[in-house]
2 protein chains.
Amino acid sequence: MMATQTISQECGDCPIRHRAVCARCEPDELQTLEEIKYYRNFQAGQTIIWSGDRMDFVGSVVSGIATLTQTMEDGRCQMVGLLLPSDFVGRPGRDGAAYDVVATTDVVMCCFRKRPFEDLMTSTPHIAHRLLEMTLDELDAAREWMLVLGRKTAREKIASLLSIIARRDNTLNKRNAKTRMVIDLPLTREAMADYLGLTLETVSRQISALKKDGVIELEGKRHVIIPDIRRLMDEAGDDSDGGFLV
Amino acid sequence: MMATQTISQECGDCPIRHRAVCARCEPDELQTLEEIKYYRNFQAGQTIIWSGDRMDFVGSVVSGIATLTQTMEDGRCQMVGLLLPSDFVGRPGRDGAAYDVVATTDVVMCCFRKRPFEDLMTSTPHIAHRLLEMTLDELDAAREWMLVLGRKTAREKIASLLSIIARRDNTLNKRNAKTRMVIDLPLTREAMADYLGLTLETVSRQISALKKDGVIELEGKRHVIIPDIRRLMDEAGDDSDGGFLV
DNA sequence: CTTCCGGGTTGATTTAGGTCAAGGCGGCTC
DNA sequence: GAGCCGCCTTGACCTAAATCAACCCGGAAG
């Protein structure tokens with residue numbers, strides 16, 4: 001098994017290899033991954049994958065933010081996932097995409113050609129294993145979100161979204177848990193509304209309300225200061241600390 | 001590799017072995033599964049697993065219906081999954097349960113002790129593979145449900161739920177697709193409400209409305225006749241046929 | 001047979017959030 | 001600087017669903 005040191009050298013800045021799949025790869029497996037790997041860039045607003053399209057790659061987000069959305073014929077739209085750097089995209093064993101994937105900011109993706117990746121997966125148990133783990137995480141996240149969508153008030157929904165982004169930010173940057181936090185909202189009000197099952201007006205109103213009540217502070221439209229994370233999580237109605245302050 | 005014939009003999013009536021995991025098991029793997037396997041019975045209303053509890057088994061539903069639910073401190077409750085016969089329960093690699101699992105009817109589960117099952121999983125790639133596939137299916141279902149919860153009206157929600165149950169019934173019994181169908185509602189109005197993010201009164205009202213409009217017919221409270229599945233799916237607002245009438 | 005009780009229905013009223021509409025603000029081009 | 005455009009905010013009003021409340025129905029217990 002390779003040491004972390006070597007992996008860093010071999011893998012460059014590709015998060016799928018660092019974090020998601022290759023922490024335990026042998027050199028020849030790394031070699032295979034290297035051969036089937038390529039990068040793709042997308043501009044903000046660009047659709048990366050259309051729902052129903054044939055997908056010939058899997059991969060992970062290197063930088064930027066993308067969303068998974070489902071849209072009804074009449075235009076109603078629900079975001080079903082938020083892709084941040086290191087998140088995996090793709091459905092090994094499936095041919096078609098199930099959702100639209102849209103770049104919210106400029107996005108760099110690290111892609112692997114699908115067939116060879118699937119072959120590698122069958123021959124390398126720990127990759128399948130890791131993928132199962134990641135899928136279970138996504139399933140948990142989706143189910144947590146079902147509670148938000150089905151049972152929370154608009155105010156709680158906003159607080160939940162901010163909590164989740166703050167949490168992701170926190171673990172991503174490996175900062176120590178703090179009570180005061182600053183986050184950069186990567187979403188327009190409309191995108192937030194599509195995530196939360198609200199209208200953009202309601203999102204705007206509730207953000208104003210949280211600000212008035214001192215739960216958050218705003219600097220411009222997108223820069224959110226959270227004076228006390230626990231206060232925010234309280235507003236979100238979560239019973240747990242969401243892994244924040246252990 | 002064993003022929004299907006042999007598997008049938010070996011596996012008895014345990015769906016995890018038939019459908020979920022063992023379609024490609026070697027005899028010695030079947031032997032291992034047999035050794036770590038046991039059955040458990042639950043009565044209607046009984047909680048099978050409490051959220052947060054340590055889980056020492058994985059398994060699948062043999063008969064009956066169970067629900068996955070999340071509950072907030074103030075009692076608000078959201079169902080995040082519906083377990084029908086052949087559905088898998090458990091999170092390989094995770095120790096704690098993430099949700100309450102409650103038996104809605106009497107339930108028989110086929111369980112496998114968790115550690116040995118996980119060991120078998122690492123040594124048997126196709127089991128991990130199959131599990132990944134099942135988890136991806138669940139993820140798709142969860143995300144489909146997010147659209148229902150976030151963006152559909154009460155009437156559409158009811159129609160969606162009936163469609164899904166009808167669809168499951170259909171594939172489970174391997175019937176040919178028909179337009180006329182009869183389903184046995186396995187849920188109380190309250191459980192339906194918890195699934196749909198509604199109140200039980202609204203569920204009741206919308207069911208009455210669908211009946212008045214001839215989309216469904218009722219025999220007693222729980223027996224639902226669907227004269228025309230496509231009409232129902234139309235009410236659900238789904239663009240696809242949901243794999244019904246291919 | 002009567003009572004009770006859990007599930008279900010239906011009506012009256014309230015309310016959270018949607019809808020419609022009028023600006024505000026910051027950045028961009030011309 | 002003027003005008004424009006995308007994004008955001010705020011207000012007035014409306015409506016779908018929640019809430020509160022009464023009642024129905026069928027099956028089990030006494």
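On a predicted model such as this, the values are computed, not experimentally measured, just so you know. So that the names make sense, note that chain A is the first sequence line, chain B the second, and so on, each numbered from 1.
Contact annotation for B:Thr199: base contact, defined as any heavy-atom pair under 4.0 Å involving a base atom. As judged by a 4.0 angstrom heavy-atom cut-off over every strand, B:Gly220 is placed among residues making no nucleic acid contact. As judged by a 4.0 angstrom heavy-atom cut-off over every strand, A:Gly45 is placed among residues making no nucleic acid contact. Using a 4.0 Å heavy-atom criterion, one finds that A:Leu198 contacts the sugar-phosphate atoms exclusively.
When the C1' atom of D:dC8 is taken as reference, atom CG of A:Leu185 falls 13 Å away, rounded to whole Å. Distance NZ (B:Lys221) to P (D:dG26): 7 Å, rounded to an integer number of Å. Taking atom CD of A:Gln206 as the reference point, atom P of C:dT15 lies 16 Å away to the nearest angstrom. As a whole-Å value, the separation of B:Leu187 CG from C:dG7 P is 13 Å. Between A:His223 atom NE2 and D:dC7 atom P the separation is 20 Å, expressed in whole Å. With rounding to whole Å, A:Leu218 atom CG is found 14 Å from D:dC7 atom C1'. As rounded to whole Å, 16 Å separates atom C1' of C:dG17 from atom CG of A:Asp194. Atom CG in A:Leu200 sits roughly 13 Å away from atom P in D:dT10 (whole-Å rounding).
The shortest non-hydrogen separation linking B:Ala66 to B:Ile48 is CB-CD1, 4.2 Å. Scanning all heavy atoms of the two residues, the minimum distance from A:Glu133 to B:Arg94 falls at O-NH2, 3.2 Å. B:Leu149 and A:Gly150 make their closest contact through CD2-CA, 4.2 Å (heavy atoms, listed as atom of the first residue, atom of the second, distance).
Using a 4.0 Å cut-off, no side-chain N or O of A:Arg205 falls inside it from OP1 or OP2 of C:dG17. A:Thr202 has no side-chain polar atom (N or O) that falls below the 4.0 Å cut-off from OP1 or OP2 of C:dA16.
Two residues, A:Arg151 and A:Arg222, neighbour DNA chain D, and the one matched to the more 5' nucleotide by heavy-atom proximity is A:Arg222.
The aromatic rings of A:Phe57 and A:Tyr38 lie perpendicular to each other, with more than 60° between the two planes, well past the 30° mark.
Proximity of A:Arg54 to A:Lys114: side-chain heavy atoms (C-beta onward) are nowhere separated by under 4.5 Å.
Of the candidates C:dT10, D:dT10, C:dG17, C:dT10 carries the atom nearest the B:Ser208 side chain, counting heavy atoms from C-beta on.
For A:Glu201 against C:dC20, a side-chain-to-base donor-acceptor contact under 3.5 Å is present.
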